[in-house]
Amino acid sequence: MGLPEERGRSGSRSAEREEAGARNRVRSWSPPPEVSRSAHVRSLQRYRELHRRSVEQPREFWGDIAKEFYWKTSCPGPFLQYNFDVTKGKIFIEWMKGATTNICYNVLDRIVHEKKLGDKVAFYWEGNEPEETTQITYRELLVQVCRFSNVLQKQGIRKGDRVAIYMPMIPELVVAMLACARLGALHSIVFAGFSAESLCERILDSSCSLLITTDAFYRGEKLVNLKELADEALEKCREKAFQVRCCIVVKHLGRAELGTGDSPSQSPPIKRPCPDVQISWNQGVDLWWHELMQEAEDECEPEWCDAEDPLFILYTSGSTGKPKGVVHTLGGYMLYVATTFKYVFDFHKEDVFWCTADIGWITGHSYVTYGPLANGATSVLFEGIPTYPDVSRLWNIVDKYKVTKFYTAPTAIRLLMKFGDEPVTRHSRASLQVLGTVGEPINPEAWLWYHQVVGAQRCSIVDTFWQTETGGHMLTPLPGATPMKPGSATFPFFGVAPAILNESGEELEGEAEGYLVFKQPWPGIMRTVYGNHERFEATYFKKFPGYYVTGDGCRRDQDGYYWITGRIDDMLNVSVREKIGPIATPDYIQNAPGLPKTRSGKIMRRVLRKIAQNDHDLGDMSTVADPTVICQLFNHRCLTIQ
Ligand code: PRX
């Protein structure tokens with residue numbers, strides 16, 4: 001059991017002062033001995049040795065890891081070349097350029113044929129209803145992916161083409177993305193909670209030639225007619241003179257009518273009475289997934305791609321402006337997600353891993369699909385939500401599949417905390433060993449609840465800081481090695497060299513607070529913004545030449561622990577009138593119960609601007625986490641101004 005070590009003065013426990021208290025109350029929790037005993041990295045000293053080598057000799061460090069993967073041809077030139085300094089020319093990052101491989105081959109064929117894990121379960125699929133389940137082995141997944149690759153090929157998809165995917169968390173989503181990767185086509189996955197307008201915008205930005213979607217699905221009690229939204233998006237595209245070649249539709253809610261096919265992912269038993277969802281059908285554009293799959297061959301030669309060829313585009317909303325199409329390339333991303341998965345979750349072959357994130361986000365790309373599969377792991381793929389049919393759903397699933405490593409967001413933890421301990425403790429959770437969080441700073445209160453109630457004080461907590469742009473974890477504890485401090489993402493992962501800069505761009509040593517930047521490339525870093533390299537350079541490299549700028553504020557404490565303080569562009573300098581000038585003084589100050597944030601915690605500044613102008617035409621609001629906050633702000637504004 002990890003015992004708390006009281007190393008400073010105790011802070012106040014009142015809700016308002018929790019954060020300030022946490023800063024002063026420097027507490028650390030040692031990794032549980034039962035996790036450390038079998039861990040890949042068992043001590044802080046060993047972590048430090050490995051980290052030093054990874055940063056000082058990145059080519060050798062990642063070169064050794066690359067040997068575990070299949071390369072059709074090896075790297076003919078330098079293993080790593082880059083420029084991080086805008087004053088010296090174009091920003092570029094190239095890992096293993098000229099080497100050829102295929103990521104789909106590495107996460108499926110290699111696991112089935114070289115590792116002989118064909119019969120191992122790749123995914124336990126758990127539907128929205130607890131009774132809707134199915135499982136799919138590595139061999140079965142490979143066959144499905146080959147078939148669907150043949151389907152895509154038949155529809156004219158070739159290397160370099162862009163394919164939009166708009167689907168709920170069903171096995172076909174994984175099949176679709178891996179089939180794109182097999183052909184060297186770029187998948188652009190759009191979260192199924194997004195609006196038709198968001199989908200249209202993303203299809204247009206990267207001129208996707210094909211869309212893959214689903215008839216409909218349930219999210220808890222709510223029925224989402226996804227096909228209707230997809231149709232609306234395609235109609236909007238046509239209005240802008242853009243036409244996708246075809247739209248492939250998975251029959252998901254209507255699956256029961258199909259009977260049992262030979263595909264394991266074709267017929268999970270949908271128990272819920274299926275309403276008569278009206279699906280409109282556009283002849284000449286729409287095609288049923290199951291009909292195309294029936295005719296497809298079981299084998300498909302992968303397209304051998306350059307390590308620096310693009311693998312996917314994923315749009316990140318940011319707090320201002322139009323979404324950016326973050327581009328990841330396949331070689332570096334593959335090494336990085338495989339390695340972070342192995343060390344951060346301390347993966348062992350008997351593990352059952354569960355990341356609750358939707359594949360529509362980077363967390364799902366890296367830690368539902370590519371990272372676990374590259375390691376031959378068994379994962380849970382969950383379609384539902386934590387509160388349906390009741391608030392103990394997550395722990396029910398943990399027990400059902402004996403989940404050992406669990407990864408979720410602080411928002412989910414805070415939500416479940418409100419319902420008390422009983423929905424958690426009524427389940428055993430004895431299988432759990434490592435509990436992860438991602439997406440925003442975790443407040444110490446939620447961290448402690450996660451550690452003490454969910455993890456029964458015998459699990460390691462890994463608070464992982466990273467971004468869509470970084471591809472994988474950047475600051476994170478290692479579960480068997482790093483003493484944990486609630487609310488701190490602790491130390492850099494292998495290959496990551498963080499620094500804290502002040503406003504003038506000077507590196508701060510020791511205890512400090514300022515801009516979090518990274519000094520050198522790691523393999524998973526994004527390579528460009530799709531179709532707009534200048535925006536890539538301007539967003540991440542202009543402010544401090546020579547560094548990748550995260551946009552997050554950060555504090556380093558006396559023990560060298562990193563604490564993310566939030567997005568820098570969300571902060572308002574209030575050192576008021578003489579220093580900044582009278583034009584910057586606020587017209588009025590409004591107290592607010594909360595701010596409009598995206599699901600990943602970024603403040604939506606364009607919405608704040610609209611509220612300030614009392615303009616209710618807010619545009620696309622599908623990324624907002626809690627729309628009620630906006631109504632409250634508008635109401636409150638009227639009262640304050642009048
Ligand atoms: O502000 C940081 C916050 O989420 C941002 C990245 O958001 P996104 O690209 O949507 O990716 C989320 C999933 C990787 C970061 O710039 N963030 C992410 N993880 C943490 C975090 N803030 C504090 N602690 C974290 N563990």
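Counting convention: from 1, in listed order, for ligands and their atoms alike. Start at 1 with the first residue, then count along the sequence.
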Show the atoms of ligand 1 that are less than 4.0 angstrom away from any heavy atom in [X].
| X | answer |
| --- | --- |
| Ile564 | 22 (N), 23 (C) |
| Val438 | 13 (C), 14 (C) |
| Thr468 | 8 (P), 9 (O), 10 (O), 11 (O) |
| Trp466 | 6 (C), 14 (C), 15 (C), 18 (C), 19 (N) |

Quiz prompt | Pairwise side-chain contact, Glu507 with Lys519, heavy-atom cut-off 4.5 Å (strictly under) | solution = yes

Quiz item: Does a salt bridge link Glu440 with Lys597, judged by any charged N lying under 4.0 Å from a carboxylate O?
Solution: no

Side chain, backbone, both or neither: which part of [X] comes within less than 4.0 Å of ligand 1 when only heavy atoms are counted?
| X | answer |
| --- | --- |
| Thr464 | backbone |
| Thr363 | side chain |
| Glu440 | backbone |
| Ala489 | neither |

Quiz prompt | Heteroatom proximity flag, Gly439 to ligand 1, N/O under 3.5 Å | solution = yes

Quiz item: For Asp552, is at least one N or O under 3.5 Å away from an N or O on ligand 1?
Solution: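 Between Asp552 and ligand 1, an N or O pair is found under 3.5 Å apart.
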
Practice problem: Using salt bridge (charged side-chain N to carboxylate O under 4.0 Å, His left out) as the criterion, list what pairs up with Arg429, not counting sequence neighbours. | Solution: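 Arg429: no salt bridge (charged side-chain N to carboxylate O under 4.0 Å, His left out) contacts found.
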
Self-check item: Pairing residues for Asp85 by the side chain to side chain contact (heavy atoms under 4.5 Å, CB included) criterion, not counting sequence neighbours
Solution: Asn83, Thr87, Lys88, Pro545

Quiz item: Pick one: which of Phe493, Trp522, Phe345, Tyr343 meets ring pair (Phe, Tyr, Trp, His ring centres under 6.0 Å) with His473?
Solution: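 Exactly one option meets the ring pair (Phe, Tyr, Trp, His ring centres under 6.0 Å) with His473, and it is Phe345.
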
Self-check item: Shortest reach to atom 22 (N) of ligand 1 by a heavy atom, considering only Gly364, Pro410, Ala409, Pro441
Solution: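 Among Gly364, Pro410, Ala409, Pro441, the closest heavy atom to atom 22 (N) of ligand 1 comes from Pro441.
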
Quiz item: Name the one of Asp309, Leu186, Asn106 that satisfies side-chain contact (heavy atoms from CB on, under 4.5 Å) with Leu330?
Solution: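 Testing each of Asp309, Leu186, Asn106 against Leu330, the sole residue satisfying side-chain contact (heavy atoms from CB on, under 4.5 Å) is Asp309.
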
Quiz item: In terms of the angle between their ring planes, are Trp354 and Phe382 parallel, tilted or perpendicular, with boundaries placed at 30° and 60°?
Solution: perpendicular

Practice problem: Using the six-membered ring wherever Trp is involved, compare the ring planes of His533 and Phe536 and label them parallel, tilted or perpendicular (cut-offs 30° and 60°). | Solution: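 Correct class here is tilted.
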
